[in-house]
Amino acid sequence: MMNAFYKTLVASAITAATLSTAHAAEPLEVYGKLNVTVQSNDEGNGSVTEIQSNASRFGVKGGFELSDSLEAFYTIEYQVDTGNSSSDNFTARNQFVGLKGDFGSFAVGRNDTMLKKSQGKVDQFNDYSGDLKALFKGENRLAQTATYLTPKFGDFQVGVTYAAEGDSKQEENDGFSLAAMYGDSGLKSTPVYAALAYDSEVAGYDIVRATVQGKIAGLVLGGMYQQEEAVDSGESIDGYLLSAAYKIQQVTLKAQYQDMEDKGDSWSIGADYSLGKPTKLFAFYTDRTSMGTVEEDDGEIIDISIDESYFAVGIEHKF
């Protein structure tokens, strides 16, 4: 039943993409990417080799001009796990509908929170084993959200996400995610991107996050500071992330270090080789030390550290 639905969705999207409409604010876009690695994963119990999908996805998005000053827009996106043995390998990503105009934009549905969006592109190993979410809380995509983004005031923009108490991750509490952002996260129109974000009772956590990234003569440097606290715990912990990338012709060299108090630390190195605008080959290595606990035979709980390592080579093609 689900496979039939997905086949219908894909067929409808491809058909719609071949049609034109005079009222479309922008062409209907079918988009996605396949990112697959041959990967050795050692999570403390010996290494396992896998052919692994890294947030491969398929989506459709578009807009419709309702008037000279008002536009409707939408996104429907699914993640495709090519490494899943089941043929039912789709999971929901961002799926929302909204309106935008001189007032800014307003969207409702399944969406990333503003704190998650505020990271920009500082995470050089996003969607890989070295993704910052391994040690930092706050990378939330919630099913029941309403998000408002102000118009841009020069290079400044502010946004807020309301997370409804009915969302399964909200534990019957309303939550809010706010972010103030400066510059272009892609570092194309501005040499610096910076953001300050705050989560209040979002997925069980209060979080403060500050992000900055800049480009100097081809060298991209980034940093993030985060303070997080489980709701009602009364104890907060701090962490930081440093990242760098440098492009030499078709090759981009990348490195990243992350540390979170009482959780562990992680470092990653990697390289991308561009075969053309939509396609690249890449490799990375991530080493992480995570803190955990184990119960002794006498019932005593002791703290332990777990060493994890990941090595991968892969290919990505965007469409």
Side-chain angles (χ1 to χ4, degrees), residues 33 35 37 39-41 54-55 112 115-139 155 179-197 207-228 237-261 263-290 307-316 318:
K33 71 176 182 179
N35 184 302
T37 50
Q39 186 160 327
S40 175
N41 301 325
N54 304 292
D112 294 340
L115 183 133
K116 184 176 188 297
K117 291 177 181 179
S118 76
Q119 71 167 267
K121 297 183 179 181
V122 72
D123 185 357
Q124 293 290 347
F125 294 86
N126 183 49
D127 292 333
Y128 299 145
S129 300
D131 192 306
L132 66 84
K133 69 182 179 183
L135 294 176
F136 284 8
K137 295 292 184 180
E139 297 299 285
D155 291 318
M181 299 157 289
Y182 168 82
D184 170 24
S185 62
L187 302 178
K188 294 179 180 179
S189 61
T190 62
V192 174
Y193 170 77
L196 182 62
I207 299 171
V208 175
R209 174 180 289 182
T211 303
V212 64
Q213 190 174 35
K215 188 174 184 179
I216 307 171
L219 177 64
V220 177
L221 297 173
M224 177 183 289
Y225 166 79
Q226 178 156 312
Q227 182 180 83
E228 61 187 50
I237 56 176
D238 302 286
Y240 65 91
L241 175 149
L242 300 172
S243 66
Y246 186 70
K247 188 173 183 179
I248 308 171
Q249 296 182 341
Q250 294 168 283
V251 178
T252 301
L253 304 176
K254 304 188 295 185
Q256 187 160 291
Y257 179 76
Q258 185 182 7
D259 182 90
M260 175 54 80
E261 181 184 355
K263 284 189 176 182
D265 56 40
S266 172
W267 61 268
S268 301
I269 56 173
D272 297 345
Y273 180 80
S274 175
L275 297 173
K277 189 173 182 180
T279 309
K280 69 178 181 181
L281 302 176
F282 63 92
F284 69 81
Y285 177 79
T286 293
D287 185 273
R288 182 165 56 243
T289 300
S290 301
D307 294 324
E308 304 164 306
S309 63
Y310 307 87
F311 173 71
V313 293
I315 182 172
E316 177 183 273
K318 295 180 178 180

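- Using a distance-only test at 3.5 Å, with no hydrogens or angles considered, no donor-acceptor pair links the side chain of Asp259 to the main chain of Asp265.
- Counting heavy atoms from C-beta on, the side chains of Ser274 and Lys247 never come closer than 4.5 Å.
- No donor-acceptor distance shorter than 3.5 angstrom exists from the side chain of Ser118 to the backbone of Ala197, with no hydrogens or angles considered.
- Between Thr37 and Val313 there is no side-chain heavy-atom pair separated by less than 4.5 Å.
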Atom pairs and distances, donor-acceptor, side-chain atoms in residues 219-227, under 3.5 Å, two or more places apart:
residue : atom : partner : partner atom : Å
Tyr225  : OH   : Asp238  : OD1          : 2.5
Gln226  : OE1  : Arg209  : NE           : 2.7
Gln226  : OE1  : Arg209  : NH2          : 2.8
Gln226  : NE2  : Lys137  : O            : 2.8
Gln226  : NE2  : Glu228  : OE1          : 2.8
Gln227  : NE2  : Asp238  : OD1          : 3.2

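- The two residues Ala245 and Gln124 come nearest to each other via the heavy atoms CB-NE2, 3.5 Å.
- Listed here is the closest heavy atom pair of Phe282 and Asn35: CZ-OD1, 3.2 Å.
- Closest approach of Asp123 to Gln256, counting heavy atoms only: OD1-NE2, 2.9 Å.
- Proximity of Leu135 to Arg288: side-chain heavy atoms (C-beta onward) are separated by under 4.5 Å at one or more points.
- Listed by first then second residue, pairs satisfying salt bridge (charged side-chain N to carboxylate O under 4.0 Å, His left out) with a partner in residues 185-194 number zero, not counting sequence neighbours.
- Side-chain contact check for Asp287 and Ser309: no donor-acceptor pair (N or O, by modelled atom type) lies under 3.5 Å.
- Side-chain contact between Ser268 and Tyr285 is absent, with no heavy-atom pair separated by less than 4.5 Å.
- One finds the CD atom of Glu316 at 8.5 Å from the OG1 atom of Thr279 (value rounded to the nearest 0.5 Å).
- Counting heavy atoms from C-beta outward, Glu308 and Ser290 have side chains that approach closer than 4.5 Å.
- Side-chain contact between Ile237 and Lys263: present, with at least one pair of heavy atoms (C-beta onward) separated by less than 4.5 Å.
- Put simply, CG on Leu275 and CG on Leu281 are 4.0 Å apart, with the number rounded to the nearest 0.5 Å.
- Atom CG in Asp155 sits 6.5 Å away from atom OG in Ser189 (nearest 0.5 Å).
- At a threshold of 4.0 Å, the pair Lys280-Asp272 counts as salt-bridged, since one of the basic side-chain nitrogens sits closer than that to a carboxylate oxygen.
- Checked options Lys133, Gln119, Lys116; the residue passing with Glu139 is Gln119 (criterion: side chain to side chain donor-acceptor pair (under 3.5 Å)).
- No side-chain heavy atom of Asp131 sits less than 4.5 Å from a side-chain heavy atom of Phe125.
- Residues Asp184 and Tyr193 share a closest heavy-atom pair of O-CB, 3.6 Å.
- A pairwise comparison of heavy atoms in Val251 and Tyr273 identifies CG2-CD1, 3.6 Å as the closest pair.
- Remark: Ile248 CD1 to Leu253 CG distance equals 5.0 Å, nearest 0.5 Å.
- Pairing each heavy atom of Val122 with each of Val212, the nearest pair is CG2-O, 4.1 Å.
- Scanning for salt bridge (charged side-chain N to carboxylate O under 4.0 Å, His left out) contacts around Asp127 gives Lys33, Arg57, with sequence neighbours left out.
- The closest side-chain heavy-atom distance from Gln258 to Leu132 is below 4.5 Å.
- If you look at Tyr310 and Phe284, their ring centroids are not closer than 6.0 Å.
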